[in-house]
Amino acid sequence: MAANPEFIEDLKTVTFTLDGREITAHEGETILQAAKRHGIEIPHLCYKEGYRADGNCRACVVEIEGERVLAPSCCRAPKEGMKVQAESERARKSQKLVLELLLADMPAQGKSPYRDDSELDLWAEKLGVADPRFPERPQPAPDLSHPAMAVNLDACIQCTRCVRACREEQANDVIGYAFRGAKAKIVFDFDDPMGDSTCVACGECVQACPTGALMPVGDVGHLPVDKKVDSTCPYCGVGCLLTFNVRGDRILYVEGRDGETNHSRLCVKGRFGFDYVHHPHRLTKPLIRREGAPKTPELLDPARMHEVFREASWEEALDRAAGGLKRIRDQYGPKALAGFGSAKGSNEEAYLFQKLVRTGFGSNNVDHCTRLCHASSVVALLECIGSGAVSNPVADVMQAEVIFLIGSNPTVNHPVAATWIKNAARQGAKLIVADPVRTEICRFATHALQFRPDTDVALLNGIMHVIVEEELYDQAFIAKRTEGFDNLRHHLKHYAPERVAPVCGIPADTIREVARLYATSKASMILWGMGISQHVHGTDNARCLISMALMTGQIGRPGTGLHPLRGQNNVQGASDVGLIPMVFPDYQPVGDPKVREFFERLWDAKLDPEPGLTVVEVIHAIEKGQIRGMYIEGENPAMSDPNVAHARAALAKLEHLVVQDIFLTETAGFADVVLPASAFPEKTGTFTNTDRRVQLGRPAIDPPGEARQDLWIIQEIARRMGLDWNYSGPREVFEEMRRAMPNIAGITWERLEKEDSVIYPCGKEGDPGQAVIFTESFPTTTGKGLFVPAEFTRAAELPDDDYPFVFITGRQLEHWHTGAMTRHASVLDAIEPYPVVQMNPLDLAGLGVAPGDLVTLESRRGRVSAYARADLGMQRGTAFMAFCYNEAAANLLTNEVLDPDAKIPEFKFCAIRVRPGGELPPRIC
């Protein structure tokens with residue numbers, strides 16, 4: 001973790017001499033750290049900045065006056081007046097001997113054969129160590145069992161950096177150090193091949209290894225890098241900073257960068273999920289549907305692409321795309337058009353896209369995946385505390401005494417965020433996990449509440465009942481900063497733990513214990529995921545969580561607060577810039593006359609005062625003939641919408657559909673015009689992560705063939721729709737965004753180029769930005785938070801004799817969203833190539849099904865087949881599937897019924913039946 005220079009200036013210092021030179025060390029620094037800060041080199045191998053110092057390699061030993069033995073400088077703190085020598089004859093001979101012994105163990109007797117930048121080779125060269133005098137050891141065979149990483153223990157120097165990376169940084173506990181003496185070695189689990197172990201392929205060990213004993217698959221260690229490009233990760237909302245290592249026009253490998261969100265950590269997707277950009281199925285030329293090519297609700301196999309589409313010039317394709325949209329607008333009116341933007345694209349692209357729909361199409365029919373993600377969370381947050389943003393960054397869990405995690409599986413969906421939660425738990429924080437599925441992170445929990453699906457409100461009301469009954473609430477905070485508590489207190493009388501326990505399946509005593517733990521700690525933080533939001537009562541779920549924080553005063557301070565973990569890399573930013581139908585940028589209501597007047601002046605256009613249609617409402621409006629044309633950029637509703645059979649039938653019915661994407665997605669198969677766009681590593685732009693951090697993404701490579709920048713394409717459509725747009729690039733768009741959005745007004749492009757990441761709110765240039773918000777008041781009309789009671793209601797569709805199982809959808813670690821990117825990434829696809837359904841082993845046994853057998857799942861809306869996977873974390877009577885497999889699209893089963901407040905579908909609960917056997921259709925990719 002990089003030190004904060006301002007913080008360092010306030011630390012106490014000691015002065016000591018190193019090789020005759022007087023230097024200072026800050027409090028807590030070691031001799032090695034102080035030397036490095038002063039530009040003095042001491043050889044080291046087992047030491048890595050940010051990791052716990054181990055002191056086992058002894059390459060960094062120094063001589064200290066008055067002491068009989070040499071000391072490892074990575075572990076030794078200097079004292080005032082201490083005299084240290086790193087270059088004395090005794091210290092240097094010892095350092096060289098260590099290096100010589102280690103070199104003797106290398107398979108090439110003196111050089112690592114796996115990477116040209118081996119740290120061992122580097123120090124050997126600097127100290128003049130070559131041609132070791134010692135015999136070569138018997139060399140272990142390579143382990144090439146993993147699709148992502150090669151294990152070459154013949155180059156292992158047993159520095160244990162990989163052990164610390166796996167156990168202490170990522171807290172995955174896969175790598176260990178086993179056996180004794182000459183047989184001692186690094187092992188995976190119980191000395192399993194890496195590919196058979198529980199390794200989650202985060203690659204932290206690869207990044208930690210100094211010699212190439214652990215390397216990415218392929219000969220990347222000997223390929224010189226032409227350039228290194230600092231950027232961000234395009235996957236989940238954590239927004240890890242990373243560096244692309246590029247040769248020619250190919251990304252060779254990726255390294256984590258020391259950003260505030262990840263401090264160099266990455267997950268399997270962020271480290272190994274980038275070769276999709278080089279996939280041969282990338283769209284490289286505009287496509288126009290052939291005359292007479294029918295549209296049917298079935299998915300188009302890309303192998304038949306040229307039967308359905310013909311290639312076209314950009315001029316023809318853009319004219320056809322915009323011309324069709326303009327015709328529908330002029331013939332049927334502005335509200336006959338709709339646009340779906342993308343949370344995968346940049347803030348600048350999302351901003352221009354929503355502006356195009358509002359000023360070019362003439363309505364507010366614009367939305368994106370937030371409607372299927374955290375819409376209910378945002379609605380509840382806006383209603384109760386006046387802001388849809390998270391109150392505290394994820395890393396604030398390190399300052400929490402209690403972490404309440406509900407409806408989220410972060411080790412799968414937000415792996416790097418999960419590392420902070422695991423680290424905090426190991427440092428003493430109490431972790432409470434509440435989820436219908438017992439997930440991996442439960443092994444770090446003090447309390448794992450595996451409640452019955454659909455009973456969130458009952459459980460949370462039961463917890464709040466205890467807080468009120470035992471007077472554990474913060475009376476001063478409630479009086480000063482909230483309103484409506486009396487209504488909530490009256491409402492909670494009906495939710496005693498003894499009454500809700502039979503409903504939610506959690507013992508009353510446990511509910512009471514958890515309530516006391518959360519309410520009485522000095523700092524309690526709540527994090528949640530789509531297990532809370534994707535229900536017909538998703539807004540009620542979030543209302544309960546907000547009330548818990550308000551009644552205990554657990555908000556507005558470090559280590560407290562509310563954090564709905566965002567699912568996609570820029571879903572926060574896309575929402576911030578107005579890519580939703582009821583608000584303009586910065587969540588300013590479209591129905592507010594003063595707000596509308598401001599944007600009409602800024603955009604020089606007359607704006608619709610009525611909120612537009614949401615994602616699912618648009619699909620229904622197509623069916624009714626109200627929506628006739630659409631422009632979809634980077635979204636894939638043919639896979640992501642609930643009841644996708646219905647969604648696909650609607651897309652096939654459109655008179656005119658324009659799709660802008662990097663692959664011929666399932667949605668693009670229904671298009672009249674397909675526009676080849678730029679992938680994440682091919683563009684410049686800003687992206688806002690789940691912590692409210694605005695971060696700069698930089699291009700590492702060029703788009704392939706004739707594919708163009710998304711920003712350019714949106715502008716070309718706008719011009720043909722009659723808008724006089726001439727933005728020179730993302731920087732100019734960002735400047736307009738600053739005028740439209742008070743929360744980011746103080747963030748300049750120049751600052752982002754320098755700092756990479758700035759947190760908002762940041763109202764004035766030079767402001768540091770606020771990591772923790774709501775410290776004094778809430779951005780409501782009264783400045784107070786509002787308690788909104790939530791009644792316990794059931795899901796829209798409950799299990800019965802015909803459909804006895806509960807079906808839950810979500811994501812897999814290796815795949816993301818609808819799989820358009822990750823299923824084209826070779827490593828990710830190799831790890832998880834087939835659709836699986838996770839079920840309790842007793843349920844599988846009851847069906848006469850063995851793990852790995854095909855089963856068929858059927859709801860009232862459709863059926864899919866997938867391979868059975870036994871999972872002890874699943875409750876009896878439940879089944880879980882990821883929604884990324886087009887040959888087994890989980891959303892064929894899900895229910896499209898909506899939360900009445902947020903209009904979000906109920907992805908996390910519907911009734912299904914399961915039978916042995918089935919037929920898996922061919923994969924479409």
Side-chain angles (χ1 to χ4, degrees), residues 32 36 41-51 53-61 72-74 92 94-144 146 148-166 169 175 177 184-186 194 203-226 228 243 245-247 252-256 264 271:
L32 178 61
K36 289 183 74 172
E41 288 190 332
I42 299 176
H44 57 277
L45 289 168
C46 71
Y47 173 80
K48 180 174 171 60
E49 188 68 37
Y51 286 18
D54 212 29
N56 68 61
C57 76
R58 284 324 201 243
C60 72
V61 291
S73 60
C74 68
R92 193 60 96 199
S94 182
Q95 294 164 4
K96 287 183 176 182
L97 182 60
V98 167
L99 296 176
E100 186 180 0
L101 286 165
L102 292 174
L103 284 173
D105 284 345
M106 289 296 106
Q109 270 282 298
K111 188 172 178 63
S112 169
Y114 302 112
R115 57 188 304 167
D116 291 338
D117 59 348
S118 163
E119 293 177 38
L120 175 58
D121 295 348
L122 170 73
W123 287 115
E125 183 178 343
K126 285 187 175 184
L127 269 64
V129 179
D131 300 325
R133 298 163 288 171
F134 308 102
E136 183 180 358
R137 66 174 175 180
Q139 297 294 3
D143 173 4
L144 305 177
H146 199 283
M149 296 169 284
V151 182
N152 309 299
L153 291 187
D154 52 356
C156 178
I157 60 173
Q158 300 181 8
C159 64
T160 72
R161 272 162 54 165
C162 62
V163 178
R164 282 170 280 155
C166 186
E169 298 298 304
I175 303 179
Y177 189 49
K185 66 172 184 174
I186 297 298
M194 185 190 237
E204 185 80 20
C205 59
V206 169
Q207 186 159 300
C209 181
T211 64
L214 293 162
M215 285 291 289
V217 167
D219 193 26
V220 299
H222 296 309
L223 294 175
V225 172
D226 294 340
K228 290 177 174 282
T243 298
N245 290 268
V246 182
R247 177 175 170 80
L252 290 182
Y253 58 96
V254 175
E255 296 172 299
S264 300
R271 197 178 302 275

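Worth knowing before you read on, the calculation uses all heavy atoms, side chains too, and leaves out hydrogens, waters and symmetry mates.
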| Sub-4.5 Å side-chain heavy-atom contact between P43 and L127 | yes
| said: Minimum heavy-atom separation for C205 and M149, please, with both atom names. | reply: SG-SD, 4.1 Å
| request: Run the numbers on R247 and V225 for side chain to side chain contact (heavy atoms under 4.5 Å, CB included), then give the verdict. | output: CA-CA 5 Å; R247 177 175 170 80; V225 172; 5.9 Å; no
| task | Could you pull out all residues at least two apart from R115 that satisfy salt bridge (Lys or Arg N to Asp or Glu O under 4.0 Å)? | result | D117
| field | Heavy-atom side-chain proximity of V220 to M215 below 4.5 angstrom | value | yes
| query | For the residue pair A124 and L103, what are the closest heavy atoms and their distance? | reply | CB-CD1, 3.6 Å
| request: Go through the steps for Q158 and C57 under the test side chain to side chain contact (heavy atoms under 4.5 Å, CB included), then give the verdict. | output: CA-CA 8 Å; Q158 300 181 8; C57 76; over 6 Å; no
| Taking C-beta and beyond as the side chain, do L102 and L45 meet within less than 4.5 Å on heavy atoms? | yes
| said: I'd like to check V163 versus I175 (side-chain heavy atoms, cut-off strictly below 4.5 Å). Are they in contact? | reply: yes
| query | So, R164 and E169, do they make that salt bridge, N to O below 4.0 Å? | reply | no
| query | Taking C-beta and beyond as the side chain, do K126 and L122 meet within less than 4.5 Å on heavy atoms? | reply | yes
| task | To the nearest 0.5 angstrom, please state how far the CE atom of M106 sits from the CD1 atom of I157. | result | 6.5 Å
| query | Can you tell me if D143 uses its side chain to pair, donor with acceptor, with the backbone of M194 under 3.5 Å? | reply | yes
| message | Using modelled atom types and a 3.5 Å cut-off, is there a donor and acceptor pairing between side-chain atoms of Q139 and backbone atoms of D105? | response | yes
| Would a 4.5 Å heavy-atom cut-off, applied to side chains only, mark Q95 and R58 as touching? | no
| message | For E125, give me all partners under salt bridge (Lys or Arg N to Asp or Glu O under 4.0 Å), at least two apart in sequence or on another chain. | response | none
| Taking atom CD of E119 and atom SG of C209, what is their separation to the nearest 0.5 Å? | 8.5 Å
| field | Ionic contact status for R271 with E255, cut-off 4.0 Å | value | no
| message | Has Q207 got a side-chain atom pairing as donor or acceptor with G256's backbone, closer than 3.5 angstrom? | response | yes
| task | Spell out, as yes or no, whether a donor-acceptor pair under 3.5 Å connects the side chain of W123 to the backbone of H44. | result | yes
| query | Does the side-chain hydrogen bond (donor to acceptor under 3.5 Å, both in side chains) test come out yes or no for N56 and D54, once each step is laid out? | reply | CA-CA 6 Å; N56 68 61; D54 212 29; 2.7 Å; yes
| query | Does the side chain of D154 reach to within under 4.5 Å of the side chain of Y114, using non-hydrogen atoms? | reply | yes
| field | Nearest-0.5 Å distance, CG of residue L144 to NE2 of residue H146 | value | 12.0 Å
| request: Kindly compute the distance separating SG (C162) from OH (Y177), expressed to the nearest 0.5 Å. | output: 10.0 Å
| Within a strict 4.5 Å, meaning less than it, do heavy atoms of the R161 and P210 side chains meet? | yes
| query | Looking at CG of N245 and NZ of K228, how far apart are the two atoms once the value is rounded to the nearest 0.5 Å? | reply | 3.5 Å
| task | Would you check if the side chain of T211 reaches a backbone N or O of S118 as a donor-acceptor pair within less than 3.5 Å? | result | no
| task | Verify side chain to side chain contact (heavy atoms under 4.5 Å, CB included) between L214 and V206, making sure each step is shown before the conclusion. | result | CA-CA 5 Å; L214 293 162; V206 169; 4.2 Å; yes
| Can you tell me how far CD1 of I186 sits from SG of C159, rounded to the nearest 0.5 angstrom? | 7.5 Å
| request: Report the C-alpha distance between C74 and C60 in whole Å, list the side-chain angles of each, state the deciding distance to 0.1 Å, and finish with yes or no for side chain to side chain contact (heavy atoms under 4.5 Å, CB included). | output: CA-CA 7 Å; C74 68; C60 72; 3.8 Å; yes
